[in-house]
**Student:** 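One structure coming up, written as structure tokens, with questions to follow.
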Amino acid sequence: MIIPIFVSHQGCPNDCVFCNQKRITGVKDVFDERQIRHHIESYLEGFKGDKTVEIAFFGGSFTGIHPEIQKQYLKLATEYIRKYQLDGIRLSTRPDYIDEHILKLLSYYPVKAIELGVQSLDPEVLEASQRNHTAEDVYKAVHYIKNTSIELGLQMMIGLPKDTLIKSLQTAKKIIALKPHTTRIYPTIIMKDTELENMYHQGTYEPLSLDEGIEWTSQILPLFYEAGITVLRVGLQASEEVDLGKGIVAGPYHPAFRQLVEEKMLHEFILKVYEDNGEKPLVVYANQRIYQSLIGHKRKYLNDIKKQGLPIQFKRANGERCSLLLESEGRKLNDIPIPKYLRSFEKHSSSE
């Protein structure tokens, strides 16, 4: 369980074209100590120490906050970590806000993980997004963090200005080569009151459609699964501010974005099995949870298969064991390996 403390735009004087942290986080004012204590304690009500719990500072670039204010946040979090024997502190920051001095300060507190907002490793995309840091800053920050015992997380965005599917795939592969413990993948959403909104209305930026966002991510997500990197989140978390017509102007937003992506991945796998099997009739057995993913959101993939007249059937299997059973003309296709990314999908199909 994550206890999120959103620090809004504190610590980050830079305004990237896509950023309106007050809307993304739903926080418009700085939390004071009383608010933070109330927030943490509300999460810990009934806590019995039977699960992994971290206190996380998200929203702004935590390590860009004045060191004395950082200490106040860290001391308060440490108090609860020791009292309830929680697992540690997680924080997010910019790559250019990490150096040896910053890490020395953090070493005095139970900081478990640092997530860097990489967003892209393409120079043209970084410049067009007004990130005001370079890919080299990312590599330096990763080097510093890897010289400590702190877990490394690297976040990326897709569909930024000047981005392409090829560039996003390259960024994903470069992130994987850096061997982080975790990652997050966010499709670019146009938030109100951002430079990206101005660019959109001026016609100089066009966001990905929902289908495009799903397509891009369905090619990127398997790379992380195959590499054994934990994917903490895919798509923005739903909130009162993060919703179409409220904080969002346009872009590939859906509250169940990860589910839609993984349904797409599963569908592509089934089609490949069908083609590799000589386009012979195929029956796919799955438990209820996986069966729902096979037919797709609003029965999308079941209807697509029917429209194309493909001899593919989906059937519910007995039991709750998370697996796929494939059969063709009465013969079980036991020789077809289930990709690692689909085994990971089974674990996530009931989350997010």
Side-chain angles (χ1 to χ4, degrees), residues 158 165-166 168-170 172-173 176 183 185 187 208-235 252 254-352:
I158 64 169
L165 174 56
I166 291 175
S168 280
L169 285 166
Q170 289 172 339
K173 291 173 182 177
I176 289 167
T183 191
I185 305 170
L208 299 178
S209 66
L210 180 58
D211 285 344
E212 287 172 329
I214 292 169
E215 175 61 36
W216 285 33
T217 311
S218 71
Q219 295 188 44
I220 292 168
L221 187 55
L223 302 179
F224 289 105
Y225 284 165
E226 293 291 343
I229 295 169
T230 300
V231 182
L232 297 176
R233 174 159 289 281
V234 181
H254 191 283
F257 186 78
R258 184 178 193 151
Q259 177 185 332
L260 299 183
V261 170
E262 293 187 320
E263 287 176 0
K264 170 75 172 177
M265 290 160 53
L266 184 57
H267 181 66
E268 293 298 325
F269 169 71
I270 296 302
L271 291 183
K272 185 176 187 306
V273 170
Y274 169 69
E275 292 169 1
D276 291 348
N277 192 47
E279 299 187 353
K280 297 176 183 177
L282 180 68
V283 181
V284 184
Y285 295 91
N287 69 12
Q288 178 63 25
R289 192 145 46 93
I290 305 301
Y291 175 82
Q292 292 299 326
S293 297
L294 283 168
I295 66 176
H297 181 62
K298 296 183 178 179
R299 306 176 72 84
K300 172 180 171 57
Y301 296 118
L302 181 61
N303 291 335
D304 285 352
I305 285 171
K306 288 181 177 179
K307 286 179 182 178
Q308 295 175 59
L310 302 180
I312 300 175
Q313 298 180 61
F314 300 140
K315 294 186 177 182
R316 296 178 180 86
N318 294 325
E320 285 301 313
R321 186 165 171 262
C322 292
S323 61
L324 293 173
L325 300 176
L326 306 169
E327 186 177 283
S328 179
E329 298 181 328
R331 178 175 61 90
K332 292 183 179 179
L333 304 181
N334 295 324
D335 57 336
I336 296 178
I338 303 298
K340 186 184 292 185
Y341 67 81
L342 288 182
R343 295 198 296 271
S344 297
F345 158 71
E346 290 170 353
K347 292 187 291 186
H348 288 101
S349 60
S350 64
S351 65
E352 293 194 20

**Student:** How about Asp335 and Leu333: do any of their side-chain heavy atoms sit closer than 4.5 Å?
**Tutor:** yes
**Student:** Determine, stepwise, if the pair Ile214 / His254 fulfils side-chain contact (heavy atoms from CB on, under 4.5 Å).
**Tutor:** CA-CA 10 Å; Ile214 292 169; His254 191 283; over 6 Å; no
**Student:** Return the CZ to OG distance between Phe269 and Ser218, rounded to the nearest 0.5 Å.
**Tutor:** 15.0 Å
**Student:** Just verifying a value: how many Å separate Gln288 CD and Ser293 OG, rounded to the nearest 0.5 Å?
**Tutor:** 10.0 Å
**Student:** Would you call the rings of Tyr301 and His267 parallel, tilted or perpendicular, taking 30° and 60° as the class edges?
**Tutor:** parallel
**Student:** Please examine the side chains of Asn277 and Arg331, heavy atoms only from C-beta on, and report whether any two atoms are closer than 4.5 Å.
**Tutor:** yes
**Student:** Ignoring hydrogens and angles, tell me if any N or O in the side chain of Glu329 forms a donor-acceptor pair with the backbone of Lys280 under 3.5 Å.
**Tutor:** no
**Student:** Verify, without hydrogens or angle tests, whether Asn303 (side chain) and Arg299 (backbone) share a donor-acceptor contact under 3.5 angstrom.
**Tutor:**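 Yes, the answer is positive, given that a donor and an acceptor are paired below the 3.5 Å cut-off.
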**Student:** Between Leu282 and Leu310, is the side-chain contact (heavy atoms from CB on, under 4.5 Å) condition met? List the steps.
**Tutor:** CA-CA 9 Å; Leu282 180 68; Leu310 302 180; over 6 Å; no
**Student:** Hey, what do you get for OG1 (Thr183) to CD1 (Ile176), rounding to the nearest 0.5 Å?
**Tutor:**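 It comes to 8.0 Å.
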**Student:** Out of curiosity, Ile305 CD1 to Leu271 CG, how far, rounded to the nearest 0.5 Å?
**Tutor:**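 If we round to the nearest 0.5 Å, Ile305:CD1 and Leu271:CG are 6.0 Å apart.
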**Student:** Please walk me through it: do Glu268 and Lys272 pass salt bridge (charged side-chain N to carboxylate O under 4.0 Å, His left out)?
**Tutor:** CA-CA 6 Å; Glu268 293 298 325; Lys272 185 176 187 306; over 6 Å; no
**Student:** Hey, could you give me the CD/CG distance between Gln292 and Asn287, rounded to the nearest 0.5 Å?
**Tutor:**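 Between atom CD of Gln292 and atom CG of Asn287 there are 10.0 Å.
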**Student:** Please enumerate all residues that pass side-chain hydrogen bond (donor to acceptor under 3.5 Å, both in side chains) together with Thr217, with sequence neighbours excluded.
**Tutor:**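 Thr217 satisfies side-chain hydrogen bond (donor to acceptor under 3.5 Å, both in side chains) with no residue once adjacent residues are dropped.
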**Student:** Give, for atom CD1 of Ile338 and atom CG of Leu326, the distance between the pair rounded to the nearest 0.5 Å.
**Tutor:** 5.5 Å
**Student:** As a quick check of understanding, evaluate side-chain contact (heavy atoms from CB on, under 4.5 Å) for Tyr291 and Lys315, giving each step before the final call.
**Tutor:** CA-CA 7 Å; Tyr291 175 82; Lys315 294 186 177 182; 5.7 Å; no
**Student:** Is there side-chain contact between Tyr285 and Arg316, with heavy atoms separated by less than 4.5 Å?
**Tutor:** no
**Student:** How close do Trp216 and Leu208 get, heavy atom to heavy atom, and via which atoms?
**Tutor:** CZ2-CD2, 3.6 Å
**Student:** Indicate the atoms forming the closest heavy-atom contact of Pro252 with Gly213, along with that distance.
**Tutor:**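 Shortest heavy-atom contact: CB-CA, 4.2 Å.
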**Student:** Which is it for Phe224 and Ile220 under the side-chain contact (heavy atoms from CB on, under 4.5 Å) test, yes or no, and what are the steps along the way?
**Tutor:** CA-CA 7 Å; Phe224 289 105; Ile220 292 168; 3.7 Å; yes
**Student:** So, for Leu169 and Gln219, which heavy atoms are closest and what is the spacing to 0.1 Å?
**Tutor:**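 What the structure gives for the nearest pair is CD2-O, 3.9 Å.
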**Student:** Minimum heavy-atom separation for Ile158 and Pro187, please, with both atom names.
**Tutor:**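 Here Ile158 and Pro187 meet closest at CG1-CA, 3.5 Å.
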**Student:** Of the non-hydrogen atoms in His297 and Glu263, which two are nearest, and what is the gap between them?
**Tutor:** N-OE1, 2.9 Å
